Amino acid sequence: MNGGILESEIRTLKKERNAIILAHYYQRPEIQDIADFVGDSLQLSQKAASTDAEVIVFCGVDFMAESAAILSPDKTVILPELKAGCPMARMVDAESLRQWKAEQPGAKVVCYVNSSAEVKAESDICCTSSNAKEVVESLAGADILFVPDQNLGRFVSERLGRSFDLWPGYCKTHDRLRVEDIQVARGLHPKAEILVHPECREEVWRLADYVGSTAGIIRFAQSSTNEEFIIGTESGILHELKKTCPGKTFYLASDKLVCPNMKATTLEKVRDALRDMSSRISVPEGIRVRAKQALDRMLVLK
Ligand code: 13P
Ligand code: SF4
């Protein structure tokens, strides 16, 4: 079946179900094109919290759909590919976090949204890569436990001149980008600006001209007077960059920058998800209410 027929099936089912399709910038191009809204983690959670649609089809990974279910419990949240998990989110669990907190009473837990609902429920406040600095600034004077991404934590800690306790988690996709990849790309494209995600290793983000979330990288490229860019984040972002910056040239810093979980969602799976209304994502109420507090504290800031 070709993409055109699938797309029209998806549009018909979407209307019948009163559904909205949300997609992350790392999704396949054809998924981004069929989506009603494409964004970074922060924009997607804001959209999930404010939509009027009865059904949210989340084209991303499981923690994103879980955040939507936490924020909008009256809506049906569907994840088209249940196996689309985030390895980083699995690097911290609620029990280990409780032990860590017990060792540092009084410290505030800042939790990257790339985490389970149970971990969010144990945290004081959530953050994404686009608001992590503002979130930590809102906790003036407090000792900070930052979970689970050590690279984002280290980046924010350096920018704010504050030291945090860092959980040793990391993104398996961004971790594959190494200094040598940047050096090779820079040798090939000496005029290009280097834009990377803060999930990259410290030695990599130190070489960049700009470090920011996916939405931040897109905004930077759009407003820069430069014409060439080396991109240090997941390959899916190239679709939006090329679409919104015609005339500019983008080079992926390494062909290893592909997140298999983000690529697991296909048009067929979106069609089947809308037809069968599965897999539904929900969070037990006791955990949901506590996790929502951590997300709400973030959302009132930005
Ligand atoms: P942002 O959407 O905040 O840029 O995060 C990237 C990411 O890794 C999502 O899985
Ligand atoms: Fe998780 Fe990294 Fe994939 Fe994002 S890119 S879903 S952080 S593994």
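Whatever order the structure lists ligands and atoms in, that order sets their numbers, starting from 1. What you see is a predicted model; the values in this text were computed from it and never measured.
Residue contacts with ligand 1, taken as heavy atom pairs separated by less than 4.0 Å, do not involve Tyr25 at all. The proximity of Met64 to ligand 1, defined as any non-hydrogen pair under 4.0 Å, is limited to the side chain. With a 4.0 Å cut-off on non-hydrogen atoms, Asn114 touches ligand 1 through its side chain and not its backbone.
Inclusion of His174 in the set of residues having an N or O under 3.5 Å from an N or O of ligand 1 is not warranted. No N or O atom of Thr128 sits closer than 3.5 Å to an N or O atom of ligand 1. Taking any N or O of Ser41, backbone or side chain, at least one lies under 3.5 Å from an N or O belonging to ligand 1. For ligand 1, the polar-atom distance check finds no N/O of Ser130 at less than 3.5 Å from any of the ligand's N/O atoms.
For ligand 2, the atoms lying closer than 4.0 Å to a non-hydrogen atom of Cys86 are 1 (Fe), 6 (S), 7 (S). Counting atoms of ligand 2 from 1 in the listed order, those under 4.0 Å from a heavy atom of Pro87 are 8 (S). Close approach to Glu199 involves these atoms of ligand 2, each under 4.0 Å from a residue heavy atom: 2 (Fe), 7 (S). Each of the atoms 4 (O) of ligand 1 lies under 4.0 Å from some heavy atom of Ser213. Atom numbering of ligand 1 starts at 1 in the shown order; those under 4.0 Å from a heavy atom of Tyr112 are 5 (O). For ligand 2 and Asn114, the ligand atoms under 4.0 Å from any heavy atom of the residue are 7 (S). Residue contact check: Asp40 has heavy atoms under 4.0 Å from atoms 2 (O) of ligand 1. Less than 4.0 angstrom separates some heavy atom of Met262 from each of these atoms of ligand 1: 10 (O). Close contacts between ligand 1 and Thr214 involve ligand atoms 1 (P), 2 (O), 4 (O) [criterion: under 4.0 Å to a heavy atom].
Comment: Asp40 does not engage Arg219 in a salt bridge, judged by the lack of any side-chain N to carboxylate O separation of less than 4.0 angstrom. Using a cutoff of 4.0 Å between basic side-chain nitrogens and carboxylate oxygens, Arg154 and Asp149 are not scored as salt-bridged. Here Lys256 pairs with Asp181 in a salt bridge; the nearest charged N to carboxylate O distance falls below 4.0 Å. Ion pairing of Glu203 with Arg201 is present here, as a side-chain N (NZ or NE/NH1/NH2) and a carboxylate O approach within less than 4.0 Å. Between Glu9 and Arg271 a salt bridge is recorded (basic side-chain N to carboxylate O distance below 4.0 Å). Under the 4.0 Å criterion applied to side-chain N and carboxylate O atoms, Glu268 and Arg275 are not assigned as salt-bridge partners. In summary, Arg178 and Asp175 engage in a salt bridge, as defined by a charged side-chain N under 4.0 Å from a carboxylate O. In summary, Glu234 and Lys263 engage in a salt bridge, as defined by a charged side-chain N under 4.0 Å from a carboxylate O. Comment: Lys133 does not engage Glu137 in a salt bridge, judged by the lack of any side-chain N to carboxylate O separation of less than 4.0 angstrom. Under the 4.0 Å criterion applied to side-chain N and carboxylate O atoms, Lys248 and Glu227 are not assigned as salt-bridge partners. Classification of Arg17 and Glu54 as a salt-bridged pair fails, no side-chain N sitting under 4.0 Å from a carboxylate O.
Under a hydrophobic-cluster definition in which Ile, Leu, Val, Met, Phe, Trp and Tyr are linked whenever side-chain heavy atoms come within less than 4.5 Å, directly or via other members, Val204 and Leu195 are assigned to the same cluster. Residues Val156 and Leu145 are members of separate hydrophobic clusters, defined by side-chain heavy-atom contacts under 4.5 angstrom among Ile, Leu, Val, Met, Phe, Trp and Tyr.
Classified by interplanar angle (parallel below 30°, tilted 30° to 60°, perpendicular above 60°), the ring pair Phe220/Phe229 is perpendicular.
The closest approach between a heavy atom of Glu234 and any atom of ligand 1 is not below 4.0 Å. Under a 4.0 Å heavy-atom criterion, Glu234 is not in contact with ligand 2. In this structure, Asn261 has no heavy atom closer than 4.0 Å to ligand 2. Within the 4.0 Å heavy-atom shell around ligand 1 one does not find Met88.
The nearest N, O or S atom of Cys259 is closer to atom 3 (Fe) of ligand 2 than 2.8 Å. At a threshold of 2.8 Å, atom 2 (Fe) of ligand 2 has a backbone or side-chain N, O or S atom of Cys171 nearer than that distance.
The protein heavy-atom contact nearest to atom 3 (O) of ligand 1 is Ser129 OG, 2.6 Å. Nearest non-hydrogen protein atom to atom 8 (O) of ligand 1 is Glu199 OE2, 2.8 Å. Residue, atom and distance of the protein heavy atom nearest to atom 2 (O) of ligand 1 are His24 NE2, 2.6 Å.
Only one option out of Thr266, Ile78, Val270 pairs with Cys59 in a side-chain contact (heavy atoms from CB on, under 4.5 Å); it is Val270.
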